[in-house]
Amino acid sequence: MPELPEVEVTRRGFVDRIAGARIEAVRVGKPLRWALGVDPQTLVGRTVRTVRRRGKYLLVELDEGLLLMHLGMSGSLRFDAVLPAAGSHDHFDLLTSQGTLRLNDPRRFGAVVHVTDEGAPLAVKLLGGLGMEPLDDGFDFDAFHAGLRRRKTAIKQVLLAGDVVVGVGNIYASEALFLAGIRPTVAASRIGRPRALRLHAAVREILARAVEKGGSTLRDFSNIDGQRGYFQLEATVYGRAGEPCRVCATPIRQMRQGQRSTYFCPNCQKY
DNA sequence: AATCTTACCTGTAGGC
DNA sequence: TGCCTACAGGTAAGAT
């Protein structure tokens, strides 16, 4: 569910409030995608230094070790001085001197994993293959274009794969391709420099705009304070099958690519 | 190596 | 408090 903007907005919502906090207790609920990897008790007494983001992962840096958190398809985080009693989908609570960080995740595709450092085998397995950060200065165009060139798969699926550029999920992949005027089915390797330049800029713009707006139109996403219906950005094509294109009024088309829905305008995205 | 498919799990919407 | 199917923001693991 959460793509890069939702994860980043979540991070910004609690990083300053949790920094410096001492972990007082840990509560785990049902199993998530992976086990925590340590006895929860061993986290007690640790201090939270800061929270960083890599792709769709949040890295909660402790004075010793770090927690990798992923929200999967349906996860959301809350942070508050006091939270209500844990519900059936609350699967991880980090109780600290400054408040409780809670992961709610109905589908449990998310995860909280402890590693000693980013070089640990599990951290490398999860983070090692990730592509460039689209909102960083390091999002180099030539590296981006070179990444596309070596993939014969449809461009939509290359964006989703996350090994060239991270953070673009199913919604923003359709949105970015619309903004760049590129047909989602085009082989990535066949995208020339002019179109690659447009796509590079479109990915940045779509994600940056969503972060500014506080995320996308996710129907059941809650922000760090537990409020729903918080995200404002209107989708241009995603979820709008049959509705008129906002640019040319041609009906938006929906298709399946690798078991995922793709939306595009057949007139604005001809190639 | 690249690519495609499967699997994980729960909730919801729509058709019957 | 109906039942069945399809689909939903992600991504690792297995198969080809």
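Given the structure is predicted, the values throughout are model-derived calculations rather than measurements. Chain A is the first sequence line, chain B the second, and so forth, proteins listed ahead of strands; every chain is numbered from 1.
Partners of R151(A) by side-chain hydrogen bond (donor to acceptor under 3.5 Å, both in side chains), not counting sequence neighbours, listed by chain and number: D163(A). By the side-chain hydrogen bond (donor to acceptor under 3.5 Å, both in side chains) test, D140(A) is found to be paired with no residue, residues two or more places apart in sequence or in another chain being considered.
The distance between atom NE2 of H70(A) and atom P of dA12(C), rounded to the nearest whole Å, is 7 Å. D105(A) places its CG atom 9 Å from the C1' atom of dT10(B), with the value rounded to the nearest Å. Computed from coordinates, the L160(A) CG to dG10(C) P distance equals 7 Å when rounded to whole Å. Distance L32(A) CG to dA12(C) P: 15 Å, rounded to the nearest Å. Remark: C1' of dA12(C) and CE of M73(A) are 14 Å apart, rounded to the nearest angstrom. With rounding to whole Å, L103(A) atom CG is found 16 Å from dG10(C) atom P. Put simply, CG on L71(A) is 10 Å from C1' on dG10(C), counting in whole angstrom units. The distance between atom CG of N170(A) and atom P of dA8(C), rounded to the nearest whole Å, is 7 Å.
Of the candidates dA8(C), dG10(C), dT10(B), the closest approach to any side-chain atom of Q254(A) belongs to dA8(C).
With E175(A) contributing its side chain and Y238(A) its backbone, the two residues share a donor-acceptor pair below 3.5 Å.
Between R149(A) and F144(A) there is no side-chain heavy-atom pair separated by less than 4.5 Å. Counting only heavy atoms from C-beta outward, the side chains of N223(A) and T10(A) never approach each other to under 4.5 Å.
Between F109(A) and dC8(B), a base-stacking contact is recorded: ring centres under 5.5 Å apart, planes less than 30° from parallel.
In summary, the aromatic rings of F178(A) and F264(A) are positioned with their centroids too far apart to meet the 6.0 Å limit.
Comparing dA1(B) with dT11(C), their P atoms are spaced 23 Å from each other, to the whole Å. The separation of dC9(B) from dG14(C), taken at their P atoms, amounts to 16 Å, rounded to a whole angstrom.
Each of R107(A) and L126(A) was matched to the nucleotide of DNA chain C holding its nearest heavy atom; the match closer to the 5' end belongs to R107(A).
Salt-bridge formation is not detected for the pair E212(A)/R209(A): no Lys NZ or Arg NE/NH1/NH2 atom is positioned less than 4.0 Å from an Asp or Glu carboxylate oxygen. E3(A) has no carboxylate O lying under 4.0 Å from a charged side-chain N of K56(A), or vice versa, which leaves the two without a salt bridge. A salt bridge links E133(A) with R53(A): at least one charged nitrogen is closer than 4.0 Å to a carboxylate oxygen. E64(A) has no carboxylate O lying under 4.0 Å from a charged side-chain N of R49(A), or vice versa, which leaves the two without a salt bridge.
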Check: protein-nucleotides 2-6 of chain B nitrogen or oxygen pairs below 3.5 Å:
| residue | atom | partner | partner atom | Å |
| --- | --- | --- | --- | --- |
| dT3(B) | OP1 | K152(A) | N | 2.6 |
| dT3(B) | OP1 | T153(A) | N | 3.4 |
| dT3(B) | OP1 | T153(A) | OG1 | 3.4 |
| dT3(B) | OP2 | R151(A) | NE | 2.5 |
| dT3(B) | OP2 | T153(A) | OG1 | 3.3 |
| dT3(B) | O5' | T153(A) | OG1 | 3.2 |

Between protein and nucleic acid, restricted to nucleotides 13-16 of chain C and to nitrogen or oxygen atoms under 3.5 Å apart, what atom pairs and distances do you find?
| residue | atom | partner | partner atom | Å |
| --- | --- | --- | --- | --- |
| dA13(C) | OP1 | K125(A) | NZ | 2.9 |

Output field dot_bracket for DNA chain B (Watson-Crick or G-U, both distances under 3.5 Å, | for other-strand pairs) contains .|||||||.|||||||
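Of the side-chain N and O atoms in R260(A), none sit less than 4.0 angstrom from OP1 or OP2 of dA6(C). Considering only side-chain N and O atoms, Y57(A) lies under 4.0 angstrom from the phosphate OP1 or OP2 of dA12(C). Taking side-chain N and O atoms only, H89(A) has no distance below 4.0 Å to OP1 or OP2 of dC9(B).
In this model, no side-chain donor or acceptor of R108(A) finds a partner on the base of dC9(B) within 3.5 Å.
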Pairs under 3.5 angstrom only: tabulate donor-acceptor contacts from the side chains of residues 23-33 of chain A to other protein residues two or more places apart or in another chain.
| residue | atom | partner | partner atom | Å |
| --- | --- | --- | --- | --- |
| E24(A) | OE1 | R22(A) | NH1 | 2.6 |
| R27(A) | NE | D93(A) | OD2 | 3.1 |
| R27(A) | NH2 | D90(A) | O | 2.8 |

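Side-chain contact annotation: T262(A) with K156(A), donor-acceptor N/O pair under 3.5 Å present.
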